Novice: 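Have a look at this one before I ask anything.
Please read these numbers as outputs of a predicted model, since none were measured by experiment.
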Amino acid sequence: MFSLSLIEHDLPMPPHLLSRPLLDAIKAELERLFLDKVIANLGLCVSVYDIRSVEGGSIHAGEGCSTYRVSFRLLMFKPFNGEVLVGRISGYDDKGLQVSLDFFDDICIPGHLMQFGTERGPDGRWMLKTEDNDELYLDLDDEIRFLVSSTKYLPIPIEQKEGDPPFAPMQIVGSIKGDGLGLLAWWVADEEGEEAAEQ
């Protein structure tokens, strides 16, 4: 789910930071630039892990800041395909479910990647119809275990229409089609039933 990415970057240091120790000032500027940002094909930056090297410090003509070539590692959130995660249902529509991990919200589970027998109920909520004709609803804030099907990095739109949802540079498509996937409550009940039967 998390990985380290090594990056080299030419970092201009604003003069007001130069009164601080150099490594502290560089880390603060790197956090300002990268923290909570998505880097295409690398993922969402969670933190600056460490600084490997700092070179330079030259001042270019017409600029009031010194520029350093910095080699550093970022801690990135980038789940791999097939990884199983647990989140909470944050919304739903006719396309499927939206899931949140608290620090990352752009996760969708489309209807065709849900358990067999899952459909929309009369009130718009998604529900799973079991073989016993029980209706198990997938409600807001329910904890859900899903498998990462794919991760998409979308190009920045040139123009965004009014009323469009906010642009999400990184989107995860999840699946709950399979044993052990879906609401945690479904499987906890099964596990308790199996334990009782064994006793």
Novice: Quick one: are Gln98 and Asp105 in side-chain contact, heavy atoms under 4.5 Å?
Specialist: no
Novice: Between Glu143 and Gly87, is there a donor-acceptor pair closer than 3.5 Å when you use the side chain of the first and the backbone of the second?
Specialist: no
Novice: Would the number of heavy atoms belonging to other residues, nucleotides or ligands and lying under 6.0 Å from NZ of Lys177 be above 12?
Specialist: yes
Novice: Is Tyr137 linked to Ile144 within one hydrophobic cluster, defined over Ile, Leu, Val, Met, Phe, Trp and Tyr using a side-chain heavy-atom separation of less than 4.5 Å?
Specialist: no
Novice: Do the non-hydrogen side-chain atoms of Met76 and Ser3 ever get within less than 4.5 Å of each other?
Specialist: yes
Novice: For the backbone of Ile176 and the side chain of Gln115, can you confirm whether one donor and one acceptor N or O come within less than 3.5 Å of each other?
Specialist: yes
Novice: Decide yes or no for Leu4 and Leu75: does some side-chain heavy atom of the first lie under 4.5 Å from some side-chain heavy atom of the second?
Specialist: yes
Novice: Is the backbone of Leu74 close enough, under 3.5 Å, to the side chain of Ser5 for a donor and an acceptor to pair up by distance?
Specialist: no
Novice: Tell me the closest heavy-atom pair linking Met13 and Ala25, and the distance in Å.
Specialist: CE-CB, 3.4 Å
Novice: Find out whether Cys108 and Val173 are in side-chain contact, i.e. whether some heavy atom of one side chain is under 4.5 Å from a heavy atom of the other.
Specialist: yes
Novice: Drop me the distance from Glu8's CD to Ser71's OG, to the nearest 0.5 angstrom.
Specialist: 5.0 Å
Novice: Taking atom CD1 as the centre, does Ile156 end up with more than 12 heavy-atom neighbours from other residues, nucleotides or ligands that are less than 6.0 angstrom away?
Specialist: no
Novice: Would you call Asp123-Arg125 a salt bridge at under 4.0 Å N-O?
Specialist: yes
Novice: Does Phe77 CZ have over 12 foreign heavy atoms under 6.0 Å away?
Specialist: yes
Novice: Counting N and O atoms only, with roles assigned by atom type, does the side chain of Trp126 sit under 3.5 Å from a partner on the main chain of Asp93, one being a donor and the other an acceptor?
Specialist: yes
Novice: Check whether any side-chain heavy atom of Leu44 sits under 4.5 Å from a side-chain heavy atom of Asp36, and report yes or no.
Specialist: yes
Novice: When you compare the side chain of Leu183 with that of Ile89, does any pair of heavy atoms fall below 4.5 Å?
Specialist: yes
Novice: Quick check against the 3.5 Å criterion: does Lys78 have a side-chain atom that pairs as donor or acceptor with the backbone of Asn41?
Specialist: yes
Novice: Which pair of heavy atoms, one from Leu154 and one from Ala168, lies closest together, and at what distance?
Specialist: CD1-O, 3.6 Å
Novice: State whether the number of non-hydrogen atoms from other residues, nucleotides or ligands found under 6.0 Å of Asp134 atom CG is greater than 12.
Specialist: yes
Novice: Quick check on Lys37: does its NZ atom have over 12 non-hydrogen neighbours (other residues, nucleotides or ligands) under 6.0 Å away?
Specialist: yes
Novice: Does the side chain of Leu42 come within less than 4.5 Å of Ile7's, by heavy atoms?
Specialist: yes
Novice: Just checking Phe116: does its CZ atom have more than 12 heavy atoms from other residues, nucleotides or ligands closer to it than 6.0 angstrom?
Specialist: no
Novice: What residue among Ile51, Val70, Leu22, Asp50 forms side-chain contact (heavy atoms from CB on, under 4.5 Å) with Lys27?
Specialist: Ile51
Novice: His9 vs Phe72 aromatic rings, parallel, tilted or perpendicular, using cut-offs 30° and 60°?
Specialist: perpendicular
